[in-house]
There are 2 protein chains.
Amino acid sequence: MAPESYPGAMTPTPTPTTPAAPADDWLRLDQQICFSLHAASRAFNGVYRGILKDLGLTYPQYLVMLVLWEHGTLPVKKLGEHLRLDSGTLSPLLKRLEAAGLVRRERSARDERSVEVRPTEEGAALRERALEVPRRITAATGFGIDEVHALRAHLDRLTAALDAAAENA
Amino acid sequence: MAPESYPGAMTPTPTPTTPAAPADDWLRLDQQICFSLHAASRAFNGVYRGILKDLGLTYPQYLVMLVLWEHGTLPVKKLGEHLRLDSGTLSPLLKRLEAAGLVRRERSARDERSVEVRPTEEGAALRERALEVPRRITAATGFGIDEVHALRAHLDRLTAALDAAAENA
DNA sequence: CACGATTTAATTGCGCACAACTCAATGGCC
DNA sequence: GGCCATTGAGTTGTGCGCAATTAAATCGTG
């Protein structure tokens, strides 16, 4: 669990310890931001995995169902915009949801390019069983509402900044 | 068959501050925490992808090299503890790093079960070129040091709580 | 010493994420 | 109408993450 507390972190080969040591610290600090985020995301995924197993959903599949429960039938494009996912990810995922009987996919009559994704009766019914998921997740975090809100705001700002930076790259 | 909606589908709720939040809001709030984290993690990954392309590394490979640069030669097990990854992820990743000429893997003489991973000359040299990565990443976030630190603390606390919760599951 | 339990990597299988590509449908434009 | 760029899904290929399994080396205990 602890990337710190490395007993006698021996460095056999390289120890270019500059007195001011900005370089070394930078590589370490850098790891802290991105790695923390990476680790937190995977930890979250792990907790969801355990809870969603009862529903027969993976975490990304759960996200898709959340959007469908909230907005009803949607074309794949819109679904992707909500979740920031493209068809390369969604197409096989939706196929699995369809195979599980939770959604149906059908070409739009108005625009034959578009595929409408709609929850089946079974998919809609699953929503009832999903209602307890948020509570269990929130409990697992041990965070209060305010804390959650603050963290979310922080993360959203970060995402926006990163997206903007990616544009110019 | 006309597209139908179902109970609670199209409810725009801009006011989350109701005393007793109904179930609908719970499903929405829940999405906010985990989805924000998920999105931020992927956004980060995207920015790294662009920056690390010059070094010929993926983001997880970069994390591995960070650990090796810091600690020198390590067995796969220790590497996995630092990064919270198991051999199922690390083995193929290390093979690719070896194929790229950045690390070497050799069975420990003392314990034949263990495989020592050591950066090659080329791998060690890559560190110099990696020194600019943190700055570019930090710049992309638009965050100050303090902000980064606060966010990291928040995330680490979250990860610890989630890990603890996963234990009891 | 022998034998079973534990440790360490590697492998297999599945699902997600993303880039690059294909293909059909659509819309704009002359 | 005919042409062509654009749009929306799907497919392919690569890599990560994790569960489950396998195989070999090591350790512990009788």
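First the proteins, then the strands, lettered A, B, ... as listed; each starts at 1.
Looking at the side chain of A:Glu112, the nearest of the listed nucleotides C:dG15, C:dA25, D:dA25 is C:dA25. For A:Leu85, the listed nucleotide lying nearest its side chain is C:dA17; candidates were D:dC18, C:dA10, C:dA17. Among C:dA9, D:dA9, D:dC18, the nucleotide with an atom closest to any side-chain atom of B:Ser87 is C:dA9. If you check D:dT7, D:dG17, C:dA9 against the side chain of A:Arg113, the one that comes closest is D:dT7. Residue A:Val76 places its side chain closer to D:dG10 than to any other of D:dC18, D:dG10, C:dC18.
For A:Leu83 and D:dA9, the CG to C1' distance is 16 Å, given to the nearest whole Å. Nucleotide D:dC18 holds its P atom 15 Å from the CG atom of A:Leu52, rounded to whole Å. The CG-C1' distance, from A:Leu94 to D:dG8, rounds to 13 Å in whole Å. At whole-Å resolution of the value, CD in B:Gln61 and C1' in D:dG17 are 14 Å apart. As a whole-Å value, the separation of B:Asp86 CG from C:dA9 P is 11 Å. Taking atom CG on A:Leu63 and atom P on C:dG15, their separation rounds to 17 Å, with Å as the unit. Straight-line distance from the NZ atom of B:Lys53 to the C1' atom of D:dG15: 16 Å, rounded to whole Å. Counting to the nearest Å, the P atom of C:dC18 and the CZ atom of B:Arg49 are 6 Å from each other.
Toward the 5′ end of DNA chain D lies the nearest nucleotide of A:Lys77, the other residue of the pair A:Ala43 and A:Lys77 mapping further downstream. With DNA chain C read from its 5' end, the first of the two nearest nucleotides for A:Asp111 and A:Thr89 is the one closest to A:Thr89.
A:Val67 has its side chain within reach of A:His82: a pair of non-hydrogen atoms, C-beta onward, lies under 4.5 Å apart. With a 4.5 Å cut-off on side-chain heavy atoms, B:Asp163 and A:Val47 do not count as touching. Considering only heavy atoms from C-beta on, B:Glu106 stays 4.5 Å or farther from B:Val115 through its side chain.
The pair B:Glu147-B:Arg152 fails the salt-bridge criterion, with no side-chain N (NZ, NE, NH1 or NH2) lying under 4.0 Å from an Asp/Glu carboxylate O. In this structure, A:Glu116 does not pair ionically with A:Arg104, as no charged nitrogen and carboxylate oxygen lie closer than 4.0 Å.
Among the heavy atoms of the strands lying under 4.0 Å from B:Pro75 are primed sugar atoms or P, OP1, OP2 only; no base atom is included. Across all strands shown, B:Leu93 has heavy atoms under 4.0 Å from sugar-phosphate atoms exclusively, and none from any base.
Here B:Lys95 reaches the OP1 or OP2 of C:dT11: one of its side-chain N or O atoms lies under 4.0 Å away. Side-chain N/O atoms of B:Ser114 include one lying less than 4.0 angstrom from OP1 or OP2 on C:dA9.
The base of C:dA9 is not paired with the side chain of B:Ser91 by any donor and acceptor separated by under 3.5 Å.
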Determine, stepwise, if the pair A:Val117 / A:Leu74 fulfils side-chain contact (heavy atoms from CB on, under 4.5 Å). CA-CA 5 Å; A:Val117 182; A:Leu74 282 179; 5.7 Å; no

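Each of A:Tyr59, A:Tyr62, A:Phe44 was checked for a ring pair (Phe, Tyr, Trp, His ring centres under 6.0 Å) with B:His38, and the lone residue meeting it is A:Tyr59.
Within residues 97-109 of chain B, the residues approached by DNA chain C to less than 4.0 Å at the level of any non-hydrogen atom are B:Arg105, B:Arg107, in residue-number order.
A ring-centre distance under 6.0 Å is found for B:Phe143 and A:His154.
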